[in-house]
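In what follows, every heavy atom counts, from backbone to side chain, and hydrogens, waters and symmetry copies are set aside. A note on names: the letters A, B, ... follow the listed sequences, proteins ahead of strands, and every chain is numbered from 1.
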4 protein chains.
Amino acid sequence: MSFVKEVSKWILAGIDGVIESIEDDDINMMIEAILGAKDGKILLIGTGRSGFVGRAFALRLMHLGFNVYVSGETITPALSPEDLVMVLSGSGTTTTVVAQAEVAKKIGSKVVAVTSHPDSPLAKCADDIVVVKGRTKVDQIRDYEGRQIRGEYDNAPLGTMFELSVMVFLDSVIAELMQKLGIHEIDLRRRHANTE
Amino acid sequence: MSFVKEVSKWILAGIDGVIESIEDDDINMMIEAILGAKDGKILLIGTGRSGFVGRAFALRLMHLGFNVYVSGETITPALSPEDLVMVLSGSGTTTTVVAQAEVAKKIGSKVVAVTSHPDSPLAKCADDIVVVKGRTKVDQIRDYEGRQIRGEYDNAPLGTMFELSVMVFLDSVIAELMQKLGIHEIDLRRRHANTE
Amino acid sequence: MSFVKEVSKWILAGIDGVIESIEDDDINMMIEAILGAKDGKILLIGTGRSGFVGRAFALRLMHLGFNVYVSGETITPALSPEDLVMVLSGSGTTTTVVAQAEVAKKIGSKVVAVTSHPDSPLAKCADDIVVVKGRTKVDQIRDYEGRQIRGEYDNAPLGTMFELSVMVFLDSVIAELMQKLGIHEIDLRRRHANTE
Amino acid sequence: MSFVKEVSKWILAGIDGVIESIEDDDINMMIEAILGAKDGKILLIGTGRSGFVGRAFALRLMHLGFNVYVSGETITPALSPEDLVMVLSGSGTTTTVVAQAEVAKKIGSKVVAVTSHPDSPLAKCADDIVVVKGRTKVDQIRDYEGRQIRGEYDNAPLGTMFELSVMVFLDSVIAELMQKLGIHEIDLRRRHANTE
């Protein structure tokens with residue numbers, strides 16, 4: 001087997017273990033929080049690769065009919081207490097991300113953090129957290145933009161397992177949301193079968 | 001087991017099957033193409049969720065020292081024949097993506113397409129292709145922006161399996177590139193072990 | 001006087017002439033169209049520097065309480081017939097921009113084009129146009145992304161006068177919208193006086 | 001004359017006054033700094049509307065052959081001491097912007113700030129500043145993302161005069177750079193004449 005495929009298998013086994021370890025209660029809390037924001041807004045916050053995972057999830061939420069926004073784009077509307085803020089950060093320490101979460105919390109929006117570190121500043125600020133392991137070391141230097149400028153690249157590819165696990169996990173959350181919202185037209189099982 | 005975790009397991013099995021089915025020759029070709037662009041530029045092209053997967057890969061390539069750009073950002077430099085263009089599109093039919101690939105080919109840059117459809121317009125235009133199954137149905141309507149405006153949302157979540165498989169696959173390609181480039185400091189195996 | 005200041009004076013005189021030449025009827029039509037979209041959505045479309053001018057305008061519209069979106073960002077919701085689409089393109093020929101305008105027109109959204117060329121494909125597709133001179137030559141090659149990749153850079157800095165004139169014009173439109181909407185807290189005259 | 005045109009004339013007179021008041025020495029310093037970065041990188045930093053003005057300038061610098069990047073995009077390479085960082089901020093207090101400037105300064109890159117406030121944190125951190133009046137009041141709340149989330153919209157349209165003045169000023173700087181670099185093909189005077 002080629003080295004690339006071998007690595008893929010390791011990664012997939014790793015993701016499996018990471019998702020396995022997520023608390024079912026956390027998953028249910030997240031799904032309730034999202035369904036509860038059906039009449040409000042959902043804001044996704046994340047930087048770097050976690051930001052891209054957040055954007056991919058935001059697109060799906062939009063497809064399901066949610067009123068969703070992404071931090072860092074031109075249009076980010078004012079939050080209100082009915083809104084849900086979902087923050088993705090493996091380390092839970094990225095300065096700008098934590099700062100935005102704190103602002104959201106002061107406004108009274110519900111803040112749900114997805115992070116590897118339940119003791120991180122982000123986790124402490126959040127109303128609820130979903131712990132997704134996969135990031136083993138909290139970076140000393142916390143600011144994402146600062147690390148980019150300094151060339152301190154996320155200790156590449158540390159973070160990969162967190163980002164991939166969150167991406168698969170959130171697409172699975174989409175599947176449950178579709179079921180709960182009665183969006184029948186796409187049968188995920190059948191689609192899955194089709195792709196093999 | 002919660003429904004979300006059940007779906008995750010289906011998805012992971014699906015990704016495993018998809019990556020298993022990639023031709024080893026295609027993988028080797030892609031890795032040679034990337035290594036061959038060490039002194040030139042690499043441009044990543046993709047829209048929607050494939051675009052986010054491309055950006056996540058672009059970040060890692062930058063971390064490895066490549067001179068990489070992403071279509072659709074402010075700064076996209078002129079291509080030249082020494083450059084590599086990597087195009088991610090499950091359907092291989094997205095109008096703007098195919099148009100950009102054709103321009104790149106006329107300039108003489110090497111165009112490598114990652115797509116589910118070896119007979120698509122994108123695949124026909126590319127110098128080389130990596131077939132990543134996962135997208136079973138080519139959309140009738142081809143333009144991404146047009147579909148967004150019309151609210152024809154990618155037949156959500158069709159495409160998920162392609163996007164996730166490509167993301168895992170490309171992170172595995174990063175692992176091989178690190179090995180070939182002698183970037184030792186991150187031992188992917190150990191990192192993987194740490195995250196479980 | 002330094003050369004830079006001399007050029008600024010030429011540019012400002014040029015913008016003055018360009019805005020002078022805009023038809024009052026076109027201005028009134030645009031303002032009515034925007035006010036008419038108070039309960040719907042407004043989508044701004046543009047690429048390159050015109051895209052940045054559009055984003056700057058979109059931010060101000062959001063500040064005034066409009067439900068506004070920008071093409072090319074993660075979240076672009078489906079259009080409906082009650083919505084307003086504003087398209088900024090000096091040449092009126094940029095392929096992707098015209099394509100999006102045509103999709104919007106088919107849906108039945110109102111399409112208002114801001115362009116130098118009343119005979120351009122964009123102008124022909126639009127419901128209404130605001131002619132803002134400043135772009136004297138229609139580019140032979142029409143696709144923005146294609147030109148970027150080829151290094152055919154907009155015949156730099158051709159286009160500057162269109163982009164600057166539209167930016168000043170649209171900020172003046174904001175002033176009238178503030179007046180019509182009774183947004184008193186910012187007195188533009190006083191603010192202007194303060195800045196001299 | 002329509003109200004919109006009247007406002008445009010005020011704005012243009014205001015921009016004229018603002019650019020008139022820029023120190024010639026500051027302009028020369030900026031132009032030397034840019035020309036001095038011909039073999040390095042130039043990074044543009046700014047948020048909100050100042051960010052769009054920075055992006056429009058970055059595009060032109062790229063057209064002139066500079067190796068330019070924009071903060072906040074996917075690809076932002078590591079800085080080095082030979083690089084130039086240009087920061088646009090009317091208030092000079094935006095938290096994320098100041099933080100990035102400080103990181104750049106520590107690395108040893110040359111930091112040039114364009115701001116209304118020579119006593120602001122940004123100005124104090126910069127190696128050199130270009131004072132562009134137009135922003136009369138420093139916002140109490142300093143973080144841009146925070147203000148967006150809270151719906152505290154920049155006291156709209158406070159800031160307009162700064163942003164427009166900087167945009168016209170920087171396009172005039174482009175004209176001088178073209179002259180100094182011997183980029184003849186576009187005669188700015190003639191182009192200007194054409195557009196009236």
Is any side-chain heavy atom of B:D171 less than 4.5 Å from a side-chain heavy atom of A:R49? yes
Would you name the heavy atoms of A:F169 and B:S8 that are closest together and state the gap between them? CA-OG, 4.3 Å
For a 4.5 angstrom cut-off between non-hydrogen side-chain atoms, does B:M167 reach A:L164? yes
Between NZ on residue A:K9 and CG on residue B:L12, distance to nearest 0.5 Å: 11.5 Å
Toward chain B, the part of A:I19 with a non-hydrogen atom under 4.5 Å: both
Nearest 0.5 Å please: distance from the CD atom of A:E176 over to the CD atom of B:E6. 10.0 Å
Checking B:I15 against A:V168 for the side-chain contact (heavy atoms from CB on, under 4.5 Å) test, could you report, in this order, the C-alpha distance in whole Å, the side-chain angles of both residues, the deciding distance, and whether it holds? CA-CA 10 Å; B:I15 297 173; A:V168 172; 4.3 Å; yes
Residues at least two apart in sequence or cross-chain that pass side-chain hydrogen bond (donor to acceptor under 3.5 Å, both in side chains) with A:T115, listed by chain then number, are none
Nearest heavy-atom neighbours spanning A:A56 and B:F52: N-CD1, 3.8 Å
Would you name the heavy atoms of B:S172 and A:V4 that are closest together and state the gap between them? CB-O, 3.4 Å
Neighbours of chain A found in residues 21-34 of chain B - heavy atoms under 4.5 Å: B:I22, B:D24, B:I27, B:I31
